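Below is one structure, written out as structure tokens, with a few remarks after it.
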Amino acid sequence: MSKSADDRESGPARQALSELEQAVGRLLSEVETLRSRVKESESRTRDVEELLRRFTKGEVDPGNLQGRVRDLEELNEDLLRRMDEGRAGVERVLARIRFLEEHR
């Protein structure tokens, strides 16, 4: 085989090898991503199983838990309302400052 024939064959072979390496790299990256997701899912599963054990053993009273959630939701709504009021107050102060700066 002549040198130019080797070059022609090695060009497509190099291209194919490069594509194969890229494909393998993508697959390895995907496997690593999936491993990470599996670990996270297993951790969540353990947490949920522990909660279920606590509920079935009666360590946690669902009625109290529901009441606490309701209280926290109300508190959250109150805090959000107060934050909105605070933002409005800050905007008013900023508007006054801008007005005073423009009229100096």
Side-chain angles (χ1 to χ4, degrees):
M1 211 180 262
S2 70
K3 189 173 185 180
S4 63
D6 287 342
D7 289 344
R8 278 182 270 143
E9 289 178 12
S10 67
R14 284 185 188 153
Q15 177 70 24
L17 181 59
S18 175
E19 290 173 5
L20 180 60
E21 287 174 341
Q22 290 174 0
V24 169
R26 286 190 302 269
L27 287 173
L28 289 173
S29 176
E30 183 68 21
V31 165
E32 194 58 38
T33 299
L34 290 173
R35 281 183 181 159
S36 175
R37 291 177 65 189
V38 165
K39 284 181 183 179
E40 183 179 330
S41 294
E42 288 173 342
S43 175
R44 287 182 184 175
T45 299
R46 280 190 298 274
D47 292 345
V48 168
E49 287 173 346
E50 178 60 28
L51 284 172
L52 283 172
R53 273 192 292 278
R54 290 175 62 193
F55 274 115
T56 57
K57 287 181 181 179
E59 294 177 22
V60 177
D61 179 19
N64 287 342
L65 187 59
Q66 186 178 16
R68 181 70 178 133
V69 167
R70 193 175 325 114
D71 292 344
L72 290 172
E73 287 173 344
E74 290 173 7
L75 179 61
N76 190 41
E77 288 176 16
D78 181 52
L79 291 173
L80 290 172
R81 181 187 51 76
R82 292 163 110 191
M83 285 176 56
D84 287 341
E85 290 173 359
R87 278 190 199 101
V90 168
E91 288 299 322
R92 285 191 301 274
V93 169
L94 286 173
R96 288 179 189 159
I97 291 171
R98 287 184 197 112
F99 176 81
L100 291 173
E101 286 178 344
E102 289 174 1
H103 292 89
R104 270 202 224 184

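Computed from a predicted model, the values in this text were never measured in an experiment. All heavy atoms count here, side chains included; hydrogens, waters and symmetry mates do not.
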Donor-acceptor pairs are to be reported for all side-chain atoms of residues 23-40 against protein atoms at under 3.5 Å, with residues two or more places apart or in another chain.
unit_1: Thr33; atom_1: OG1; unit_2: Ser29; atom_2: O; d: 3.1
unit_1: Glu40; atom_1: OE2; unit_2: Arg44; atom_2: NH2; d: 2.7

Scan the side chains in residues 80-97 for donor-acceptor partners under 3.5 Å anywhere in the protein, sequence neighbours excluded, and list what turns up.
unit_1: Arg81; atom_1: NH1; unit_2: Glu85; atom_2: OE1; d: 3.4
unit_1: Arg81; atom_1: NH1; unit_2: Glu85; atom_2: OE2; d: 2.8
unit_1: Arg81; atom_1: NH2; unit_2: Asp78; atom_2: OD1; d: 2.4
unit_1: Asp84; atom_1: OD1; unit_2: Arg87; atom_2: NH1; d: 3.1

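In this structure, the separation between CD on Glu74 and CD on Glu77 is 7.0 Å, given to the nearest 0.5 Å. If you take CG on Asn76 and CG on Leu72, they are separated by 8.5 Å, rounding to the nearest 0.5 Å. Here the CD-OG1 distance, from Glu50 to Thr45, works out to 13.5 Å after rounding to the nearest 0.5 Å.
Taking the charged nitrogens against the carboxylate oxygens, Glu101 and Arg98 have no contact shorter than 4.0 Å, which rules out a salt bridge.
Summarising the hydrophobic clusters (Ile, Leu, Val, Met, Phe, Trp, Tyr; side-chain heavy atoms under 4.5 Å, direct or chained), the residues clustered with Leu75 are Leu79.
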